[in-house]
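To find a chain, count down the sequence lines: A is the first, B the second, and so on, and within it residues start at 1. Because the structure is a prediction, the values reported are computed rather than measured.
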Number of protein chains: 2
Amino acid sequence: MTDARVAVTVDLVVLTVREHRLCALVWRRDRPPYAGAWSLPGGFVQLDEDLPVAAQRLMAERAGLAGVRVHLEQLATYGYPDRDPRQRVVSVAYLGLAPDLPASSRAQVLWEPVDDLTQRDQAAFDHRRILLDGVERARAKLEYSPLAAAFCPPEFTVAELRRVYEIVWGTPLDPRNFHRKVTKAEGFLVPTERTTTRDGGRPARLYRRGSAESLHPPMMRPAC
Amino acid sequence: MTDARVAVTVDLVVLTVREHRLCALVWRRDRPPYAGAWSLPGGFVQLDEDLPVAAQRLMAERAGLAGVRVHLEQLATYGYPDRDPRQRVVSVAYLGLAPDLPASSRAQVLWEPVDDLTQRDQAAFDHRRILLDGVERARAKLEYSPLAAAFCPPEFTVAELRRVYEIVWGTPLDPRNFHRKVTKAEGFLVPTERTTTRDGGRPARLYRRGSAESLHPPMMRPAC
DNA sequence: CTAATAGTGTCTGTAAGACAGTATTCA
DNA sequence: TGAATACTGTCTTACAGACACTATTAG
């Protein structure tokens, strides 16, 4: 029985919606390997540390998001032998969904549009694949879970929630049908007494996240 | 930067439908730790081995399913520090869906009903949790993917496919509505010229798996 | 013949998509 | 006032669920 020991890391795919684009939190690398490329924030798992704990810790230490309310879930694990040229590394990726935050407290960490990262810029290691997997997971999650609200501030309007769907899915949605569906979905939204005019026009009611963990019926992505 | 090295294993949740029950492939442990308990087949990842390759290898070596057509996908990774009393082990679990096979070639490996394993018998390590996660993944996959056919032989009838859904979901389905829905779903089933009377009654057409990777519209689990 | 299963058609309620129309704000 | 957005209602079509009915085998 081979008892090989390998380094285990956690890498973070942290997504948000900023300026009408889906963005991810990345480092700009200034030293080899992959100097000049972008990479996902991440780091080694410590010896007596559970994986979700490591993800939370790295969210603060490497993503600069200490004390921020972020949904975190395990995404997948990547471990082909040559993915890091220095040593064998098995990486457990976590997916985080965050509201639009002020710029990170660390200068090295930047929000970058996902499309630019995957289509234009050079990625370190297999981080392009991990990012694409995270984006696809987020797209799927919006269908059958209320996690779109994780991209919104604590109180938000139906139109803001709709823009999250439109940007993550990359497709326009009918505002009236969206409003009807989302307000009727059991446990998705809890209305507050307050309204806002930050979107212009007639004041819109503000909502909070409901307690539902899944949506019945699910939101359907168009063009299926 | 802590560079801790830990042992990495792959554990397999291999499911099938046998004798009208959802069953998993398990070992009966005859030595500590957890002597007398059941455990999932698995083993260490080798130093220059990719994770899916390790899963395939262990499917042959530890599950006794060499050369069998089994759907395999990554399930999740489990790594809390004390999950193995001997050493720190991070385990990448894979989910396998297999047709009803003749008994395994290894005497130590048995198909056991999932309900017995999770409700009655003692599990080693955190394998009860891993098994439950695998079963839940399988239940969800039947909704939006054509993977139910992975539980069937290469050619199967609509009734056999329906029984897979009924057993995995644990709920009866209307045979006529199921037939209509499943035969109209684009790319799910490919009809053959052959029929069978192995279920009794009027001969039923035999189908093969289609090429679709997802179902539109999805099959819906009742009681949602 | 009967029993059993395969497969089709029909009805009804619900929900999605399209979109008219009203409500309430700002400039 | 008009422009913009919020919200409600209506119509059509599609599909899920319930179930009547026909088709084809074995015994």
Side-chain angles (χ1 to χ4, degrees), chain A residues 20 142-144 148 152 155-167 169 171-208 212 214-224, chain B residues 20 142-144 148 152 155-167 169 171-208 212 214-224:
Chain A
H20 291 192
L142 293 207
E143 290 196 73
Y144 57 88
C152 296
E155 296 196 344
F156 53 90
T157 67
V158 171
E160 288 163 351
L161 187 68
R162 175 168 49 83
R163 273 187 283 277
V164 166
Y165 275 90
E166 291 177 330
I167 290 163
W169 284 351
T171 186
L173 299 172
D174 184 282
R176 296 154 299 184
N177 292 333
F178 182 87
H179 189 284
R180 174 164 40 85
K181 179 149 194 181
V182 89
T183 52
K184 280 186 181 169
E186 193 76 21
F188 195 174
L189 300 183
V190 178
T192 70
E193 298 304 311
R194 302 176 46 213
T195 60
T196 182
T197 57
R198 63 190 176 214
D199 295 325
R202 171 177 166 180
R205 163 153 269 115
L206 286 165
Y207 292 85
R208 297 180 169 280
S214 64
L215 295 181
H216 295 289
M219 310 291 293
M220 287 311 245
R221 243 189 288 193
C224 289
Chain B
H20 291 191
L142 293 207
E143 291 197 71
Y144 57 87
C152 297
E155 297 197 342
F156 53 89
T157 68
V158 171
E160 289 163 350
L161 188 67
R162 174 167 51 82
R163 274 187 283 277
V164 167
Y165 275 91
E166 290 177 330
I167 291 163
W169 284 351
T171 185
L173 298 172
D174 184 282
R176 297 153 298 184
N177 293 332
F178 181 86
H179 189 283
R180 175 163 40 86
K181 178 148 194 182
V182 88
T183 52
K184 282 186 180 167
E186 192 76 20
F188 194 174
L189 299 182
V190 178
T192 70
E193 298 305 310
R194 303 175 49 211
T195 60
T196 182
T197 57
R198 61 191 178 214
D199 296 326
R202 171 176 166 181
R205 163 153 269 114
L206 286 165
Y207 293 86
R208 296 180 169 279
S214 64
L215 295 182
H216 297 287
M219 310 290 294
M220 289 311 247
R221 239 189 292 194
C224 288

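For B/Leu142 against B/Tyr165, the heavy-atom pair with the smallest separation is O-OH, 3.0 Å. Across A/Ala212 and A/Glu186, no two heavy atoms sit closer than the pair CB-O, 3.6 Å. Across all non-hydrogen atoms, the minimal contact from B/Asn177 to B/Arg180 is OD1-NH2, 2.6 Å. Residues A/Pro191 and A/Leu189 come closest through the heavy atom pair CD-O, 3.9 Å. Residues B/Arg221 and B/Trp169 come closest through the heavy atom pair CG-CD2, 3.2 Å. The heavy-atom pair separating B/Thr192 from B/Glu155 by the smallest distance is CG2-OE2, 3.7 Å.
Contact check for A/Arg208 versus A/Phe156: no side-chain heavy atoms found under the 4.5 Å cut-off. Taking the side chain as every heavy atom from C-beta outward, A/Tyr207 and A/Thr183 approach each other to under 4.5 Å. Side-chain contact check for B/Thr195 versus B/Thr157: every heavy-atom pair is 4.5 Å or farther apart.
Rounded to a whole Å, the NE2 atom of A/His179 is 16 Å from the P atom of C/dA23. Atom C1' of nucleotide C/dG17 and atom CE of A/Met219 are separated by 13 Å, given to the nearest angstrom. Here C/dG7 presents its P atom at 9 Å from CG of B/Leu206, a figure rounded to the nearest Å. If you take CG of B/Asn177 and P of C/dT8, they are 13 Å apart, rounded to a whole angstrom. Put simply, CZ on A/Arg162 is 17 Å from P on C/dA16, counting in whole angstrom units. Atom-to-atom, CZ of A/Arg180 to P of C/dC19 comes out at 14 Å; the value is rounded to the nearest Å. The separation between B/Asp174 atom CG and C/dG7 atom C1' is 12 Å, rounded to whole Å.
DNA chain C is contacted by both A/Pro203 and B/Thr183; B/Thr183 maps to the nucleotide lying nearer its 5′ end (nearest heavy atom per residue). For the pair B/Glu160 and A/Lys181, both in contact range of DNA chain C, the more 5′-proximal nearest nucleotide belongs to B/Glu160.
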request  = Go through the steps to decide whether B/Leu206 and B/Arg198 satisfy the test side chain to side chain contact (heavy atoms under 4.5 Å, CB included), and finish with yes or no.
outcome  = CA-CA 11 Å; B/Leu206 286 165; B/Arg198 61 191 178 214; 3.5 Å; yes

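Of the residues in residues 189-201 of chain B, those lying under 4.0 Å from DNA chain D by heavy-atom distance are B/Gly201.
Between the side chain of B/Arg202 and the base of C/dA3, no donor-acceptor pair of N or O atoms lies under 3.5 Å.
In DNA chain D, runs of at least 3 stacked Watson-Crick or G-U pairs (N1-N3 plus N6-O4 or O6-N4, or N1-O2 plus O6-N3, all under 3.5 Å) give these stems: C:1-27 with D:1-27.
Bracketed by its first and final contacts, the part of DNA chain D lying under 4.0 Å from non-hydrogen atoms of chain A reaches from D/dA4 to D/dT8 in 5' to 3' order.
Interatomic distance, NE2 of A/His216 versus CZ of A/Phe188, reported as 13.0 Å (0.5 Å rounding).
Salt bridge status for B/Arg163 with B/Asp199: present, with a side-chain N to carboxylate O gap under 4.0 Å.
Looking at heavy-atom distances under 4.0 Å, A/Arg205 makes contact with sugar-phosphate atoms alone, never a base. As judged by a 4.0 angstrom heavy-atom cut-off over every strand, A/Pro175 is placed among residues making no nucleic acid contact.
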